[in-house]
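I have placed the structure first, in the form of structure tokens, so that the comments after it can refer back to it.
No hydrogens, no waters, no symmetry mates; every other heavy atom, side chains included, goes into these values. Only a predicted model underlies this, so the values are computations on that prediction, with no experimental measurement involved.
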Amino acid sequence: MDSSHVENDLVNVLFTEEQIQARLKELARDIERDYEGEDLLIVGVLRGAVMVMADIARSLSRHVEMDWMAVSSYGSGTKSSGVVRILKDLDTDISGRHVVVVDEIIDTGLTLSWLTSNLSSRNPASVEICTLLRKPEALQMPVDVKYVGWDIPNEFVVGYGLDYKERYRNLRDIGTLAPHVYS
């Protein structure tokens, strides 16, 4: 879906599809460099990270194994509840593996902090985080993020996997959602 289809719902477009693709290719090159010669597992956080995960994986010029987790801390609102629930766990044993968790956004940091702690308890060789977006002003919990696409203001954004009540995920751009949509 193009942003022109929902232009009345957006305050502005922060990143176009072309900008997103270029930045993900840069992040994929960084990951390749850092894990050269290593067996790598990338773990996508469902559902929002589907677009990011797919495009990171396609930008890699090496074999990579993929798995998925579904965790929830939002419900249907616009703010994290801070209570994390595993809805779908990994199918892969990560013991001794290098793991890069791929997510679309780090907001409060509560979910990713909990998730990296949970994964670290499973004896991996390493656990790192790759996120397309991070909101430094919203962080409530410190999260060590190795790969960041962009830092953004503490605004509600949608598109490229980011949703509001399951809408806007298939928007090719990322934009700030207009308050009249969620007020």
Side-chain angles (χ1 to χ4, degrees), residues 1 15-74 80 84-135 143-152 157-163 166-174:
M1 177 171 57
F15 304 104
T16 65
E17 179 180 17
E18 293 77 21
Q19 291 172 308
I20 294 165
Q21 293 303 315
R23 186 64 182 122
L24 289 175
K25 286 179 181 158
E26 291 171 2
L27 292 172
R29 283 193 302 271
D30 292 343
I31 291 168
E32 282 183 320
R33 180 195 65 236
D34 293 346
Y35 293 95
E36 186 174 341
E38 300 289 347
D39 183 30
L40 179 62
L41 171 68
I42 57 175
V43 173
V45 182
L46 292 171
R47 286 179 244 181
V50 169
M51 309 300 188
V52 177
M53 178 85 155
D55 288 339
I56 286 274
R58 288 188 294 210
S59 295
L60 295 169
S61 58
R62 57 169 288 171
H63 293 289
V64 65
E65 190 174 339
M66 296 186 283
D67 202 346
W68 298 91
M69 285 189 81
V71 295
S72 176
S73 67
Y74 279 84
S80 175
V84 180
R85 297 181 306 135
I86 294 179
L87 305 175
K88 185 234 176 272
D89 207 343
L90 295 175
D91 295 322
T92 307
D93 178 7
I94 65 170
S95 181
R97 304 283 306 270
H98 292 282
V99 177
V100 174
V101 177
V102 178
D103 207 354
E104 81 283 12
I105 192 166
I106 297 177
D107 197 338
T108 63
L110 296 170
T111 302
L112 263 294
S113 174
W114 181 90
L115 185 59
T116 54
S117 176
N118 179 285
L119 293 176
S120 294
S121 74
R122 302 179 193 196
N123 301 314
S126 66
V127 176
E128 299 292 350
I129 298 171
C130 174
T131 186
L132 182 59
L133 304 173
R134 175 176 60 185
K135 295 180 181 180
V143 180
D144 186 24
V145 184
K146 190 166 188 175
Y147 309 101
V148 179
W150 293 284
D151 285 331
I152 63 169
V157 293
V158 294
Y160 200 74
L162 296 153
D163 76 300
E166 295 303 322
R167 297 183 62 165
Y168 307 100
R169 283 195 199 276
N170 62 323
L171 180 61
R172 291 185 189 104
D173 303 324
I174 295 174

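The pair Arg33-Glu36 fails the salt-bridge criterion, with no side-chain N (NZ, NE, NH1 or NH2) lying under 4.0 Å from an Asp/Glu carboxylate O. Taking the charged nitrogens against the carboxylate oxygens, Arg47 and Asp163 have no contact shorter than 4.0 Å, which rules out a salt bridge. Under 4.0 Å is where a charged nitrogen must lie from a carboxylate oxygen, and between Arg23 and Asp55 no such pair does.
Separation of atoms OG (Ser59) and CD (Gln21) is listed at 6.5 Å; rounding is to 0.5 Å.
Side-chain contact check for Thr111 versus Val45: every heavy-atom pair is 4.5 Å or farther apart. Leu24 has its side chain within reach of Val52: a pair of non-hydrogen atoms, C-beta onward, lies under 4.5 Å apart. Between Val64 and Val100, the closest side-chain pair of non-hydrogen atoms is not below 4.5 Å. No side-chain heavy atom of Ile20 sits under 4.5 Å from any side-chain heavy atom of Met51. The side-chain heavy atoms of Leu87 and Arg85, taken from C-beta on, include a pair separated by under 4.5 Å. When side chains are defined from C-beta on, Leu162 does not count as touching Tyr168, because their heavy atoms never get closer than 4.5 Å. Side-chain contact between Tyr147 and Val102 is absent, with no heavy atoms from C-beta onward closer than 4.5 Å. With a 4.5 Å cut-off on side-chain heavy atoms, Glu38 and Leu40 do not count as touching.
Ser121 contributes a side-chain N or O that, together with a main-chain N or O of Asn118, makes up a donor-acceptor pair within less than 3.5 Å. Between the side chain of Arg62 and the main chain of Tyr35, a donor-acceptor pair closer than 3.5 Å is present. At distances below 3.5 Å, at least one donor-acceptor pair connects side-chain atoms of Glu32 with backbone N or O atoms of Ser61.
Residues passing the ring-ring contact (aromatic ring centres under 6.0 Å, His included) test with Phe15 are Trp150, sequence neighbours excluded. Residues that satisfy the side chain to side chain contact (heavy atoms under 4.5 Å, CB included) test with Ser95, not counting sequence neighbours, are Asp93, Asn123.
Of the listed residues (Leu171, Leu133, Asn170, Leu132), just one forms a side-chain contact (heavy atoms from CB on, under 4.5 Å) with Tyr160, and that residue is Leu132. None of Ile129, Leu90, Val127, Asp103 except one satisfies the side-chain contact (heavy atoms from CB on, under 4.5 Å) rule with Val43; the exception is Leu90.
Atom CG of Asp30 has more than 12 neighbouring heavy atoms from other residues, nucleotides or ligands inside a 6.0 Å radius.
Smallest separation of non-hydrogen atoms from Ser113 and Thr116: O-OG1, 3.1 Å. Ala28 approaches Leu60 most closely through the heavy-atom pair O-CD2, 3.5 Å. Here the closest non-hydrogen pair linking Asp67 and Met53 is O-CE, 3.5 Å. Here the shortest heavy-atom pairing between Arg97 and Pro124 reads O-CB, 3.4 Å. Listed here is the closest heavy atom pair of Thr16 and Gln19: N-OE1, 2.8 Å. Taking both residues in full, the closest heavy atoms of His98 and Ser126 are given as ND1-OG, 2.8 Å, listed atom of the first, atom of the second, then distance.
For residues 112-126, the salt bridge (Lys or Arg N to Asp or Glu O under 4.0 Å) pairs, not counting sequence neighbours, are Asp89-Arg122.
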Apply side-chain contact (heavy atoms from CB on, under 4.5 Å) to the pair Ile174 and Ile152, showing each step before the final yes or no.
-> CA-CA 11 Å; Ile174 295 174; Ile152 63 169; over 6 Å; no

Carefully, step by step, assess Arg169 and Val50 under the rule side-chain contact (heavy atoms from CB on, under 4.5 Å).
-> CA-CA 9 Å; Arg169 283 195 199 276; Val50 169; over 6 Å; no

